[in-house]
Amino acid sequence: MPELLEVEAYRRATAVVVGGVITAVQCPDPRFLRRTVDAAELSAALADAAVVAVERRGKVMLVCTDAGHTLGVRFAMTGRVIVDGHEPIPELKYGPRGGDTASPRFIMSTTAGTVTVVDPRRLGSLHLDPDLTQLGPDASTLSVAELRSALECRRPLKAALLDQGRVAGLGNLLADESLWRARLAPGRPALDLDMDEERRLARTIVATVAQLGRRGGSHTGDLQAARDARGACPRCGTPLQVARIGGRTTLWCPVEQR
DNA sequence: ATGCCTGTTCTACC
DNA sequence: CGGTAGAACAGGCA
């Protein structure tokens with residue numbers, strides 16, 4: 001998926017239907033609903049309602065209606081949004097080629113436009129009135145205090161950052177980029193950070209999210225080329241270390257990141 | 001053919 | 001309880 005930045009682009013594109021009335025929703029593949037919601041129930045909850053806002057929390061896009069119901073969309077690895085035939089992110093690095101409208105999983109027709117969620121792998125999911133209390137504070141506005149409480153666990157630092165219940169929105173690329181910029185080793189016990197390091201990391205995460213957002217996505221980090229090539233640290237030239245941390249392939253500079 | 005991938009969730013196990 | 005590892009989900013690409 002789409003990490004927070006890509007979901008934010010989807011949110012912005014989807015927001016063109018704010019003010020429109022939902023005329024129909026279709027779920028061509030019932031498996032996309034998982035067991036979280038029934039197609040008929042979803043349709044009944046959304047049909048004839050007006051879209052009053054499209055929001056985002058972490059990697060979840062929220063379509064809010066005046067009927068009191070909110071639709072939550074998780075994009076997982078290869079989910080994309082197409083609004084009136086236009087794609088906010090034409091090419092997703094690990095997704096299908098841009099312009100590919102095969103594999104529609106959810107189509108919401110409104111008087112202000114049509115939103116289609118495409119996801120060939122079906123790893124994404126739809127949720128009616130999702131429980132947002134399960135999500136941590138959004139990474140884009142993370143404060144030092146929020147980060148500190150997110151790190152109160154006996155886990156590697158990176159595993160804590162990827163845990164959406166602790167910090168919402170960071171994925172594998174943003175996490176590695178932020179840790180590299182903050183010069184903190186991903187395998188450090190999360191509890192070990194001193195106040196100075198917590199301040200540095202919180203500030204770096206917010207700045208990294210903002211800068212990569214301006215550049216165009218999670219894949220625009222300074223570490224990305226070296227990551228793809230399994231190369232060297234762009235700052236000091238030390239070969240990057242590779243390991244699995246928090247269940248994901250992790251790259252870091254063994255000299256600078258402590 | 002094999003294995004990897006911007007993710008989540010489940011089970012088994014310690 | 002808190003934590004980890006691996007599989008599953010499933011498609012495309014090197």
Side-chain angles (χ1 to χ4, degrees), chain A residues 1-11 29-37 56-61 72-81 88-105 117-127 130-131 134-136 139-140 150-180 186-192 205 208-209 212-213 215-225 227-230 242-251:
Chain A
M1 140 166 64
E3 304 188 28
L4 161 168
L5 293 173
E6 288 72 28
V7 178
E8 176 60 19
Y10 294 155
R11 184 205 65 75
D29 188 326
R31 276 181 290 178
F32 194 64
L33 300 172
R34 297 287 152 78
R35 288 185 193 137
T36 59
V37 60
R56 179 192 61 77
R57 174 83 170 271
K59 306 177 191 174
V60 181
M61 184 174 84
V73 184
R74 285 182 180 275
F75 296 95
M77 300 262 270
T78 51
R80 293 178 298 140
V81 153
I89 304 177
E91 302 218 349
L92 196 59
K93 191 162 186 208
Y94 297 107
R97 284 282 160 247
D100 180 8
T101 53
S103 322
R105 307 303 181 199
V117 176
V118 167
D119 183 2
R121 289 178 70 178
R122 298 185 192 87
L123 295 181
S125 51
L126 298 178
H127 308 260
D131 179 8
Q134 299 303 305
L135 289 178
S140 64
L151 297 183
E152 278 172 6
C153 62
R154 292 186 70 80
R155 303 178 69 183
L157 179 53
K158 182 177 173 184
L161 293 181
L162 289 178
D163 182 343
Q164 301 298 300
R166 297 183 170 279
V167 175
L170 296 181
N172 203 32
L173 299 182
L174 285 175
D176 275 5
E177 177 77 17
S178 298
L179 288 169
W180 176 73
R188 276 271 294 278
L191 276 170
D192 266 16
I205 287 171
T208 301
V209 168
L212 270 50
R215 288 183 186 173
S218 305
H219 61 291
T220 61
D222 297 337
L223 192 61
Q224 190 62 36
R227 158 184 284 278
D228 289 341
R230 295 292 190 265
V242 185
R244 239 176 148 70
I245 299 178
R248 312 300 303 279
T249 299
T250 302
L251 287 85

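Throughout, protein chains are lettered first and strands after them, A, B, ... in sequence-line order, and every chain is numbered starting at 1.
Whole-Å rounding puts the A:R57 CZ to B:dT8 C1' distance at 17 Å. The CG atom of A:L251 sits 14 Å away from the C1' atom of B:dT6 (whole-angstrom rounding). To the nearest angstrom, C1' of B:dT9 lies 10 Å from CZ of A:R74. Distance A:D119 CG to B:dT8 P: 13 Å, rounded to the nearest Å. Across the protein-nucleic acid pair, A:L123 atom CG and B:dT8 atom C1' stand 8 Å apart, rounded to whole Å. In this entry the distance linking CZ of A:R227 with C1' of B:dT6 reads 9 Å, nearest Å. Taking atom CZ of residue A:R105 and atom C1' of nucleotide C:dC9, one finds them 12 Å apart after rounding to whole Å.
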Give me the distances for all protein-to-nucleotides 1-5 of chain C N/O pairs that come in under 3.5 Å?
from: C:dG3; atom 1: OP1; to: A:R154; atom 2: N; distance (Å): 2.4
from: C:dG3; atom 1: O3'; to: A:R154; atom 2: O; distance (Å): 3.2
from: C:dT4; atom 1: OP2; to: A:R155; atom 2: NE; distance (Å): 2.9

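In terms of the side-chain contact (heavy atoms from CB on, under 4.5 Å) criterion, residue partners of A:R56 (sequence neighbours excluded) are, by chain and number, A:L4, A:V7, A:E8, A:R11, A:D138, A:S140. Residues that satisfy the side chain to side chain donor-acceptor pair (under 3.5 Å) test with A:R154, not counting sequence neighbours, are absent from this structure. For the side-chain contact (heavy atoms from CB on, under 4.5 Å) test, residues two or more places apart in sequence or in another chain that qualify with A:S218 are A:E3, A:L5, A:E6, A:L173, A:L174. Taking A:T220 as the reference, A:L212, A:R215 meet the side-chain contact (heavy atoms from CB on, under 4.5 Å) condition, with sequence neighbours excluded.
At a cut-off of 3.5 Å, with distance as the only test, no side-chain donor of A:T250 or A:R244 sits close to an acceptor on the other residue.
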Fill in: Pairing annotation in dot-bracket form, given for DNA chain B with Watson-Crick or G-U pairs under 3.5 Å and | for cross-strand partners
.||||.||||||||
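Applying the 4.0 Å criterion to OP1 and OP2 of B:dG7, one finds that A:K59 has a side-chain N or O inside that range. For the pair A:R248 and B:dC5, the criterion of a side-chain N or O lying under 4.0 Å from OP1 or OP2 is not met. For A:T78 and B:dG7, the shortest distance from a side-chain N or O to OP1 or OP2 is not below 4.0 Å.
When distances run from any side-chain atom of A:R230 to the nucleotides B:dC5, B:dT8, B:dT6, the shortest one goes to B:dC5.
With both ends at atom C1', the span from B:dT6 to C:dT4 equals 23 Å, rounded to whole Å. Comparing B:dT8 with C:dC1, their C1' atoms sit 23 Å apart, to the nearest whole Å.
Within 4.0 Å of A:S125, counting heavy atoms only, lies no atom of the nucleic acid at all.
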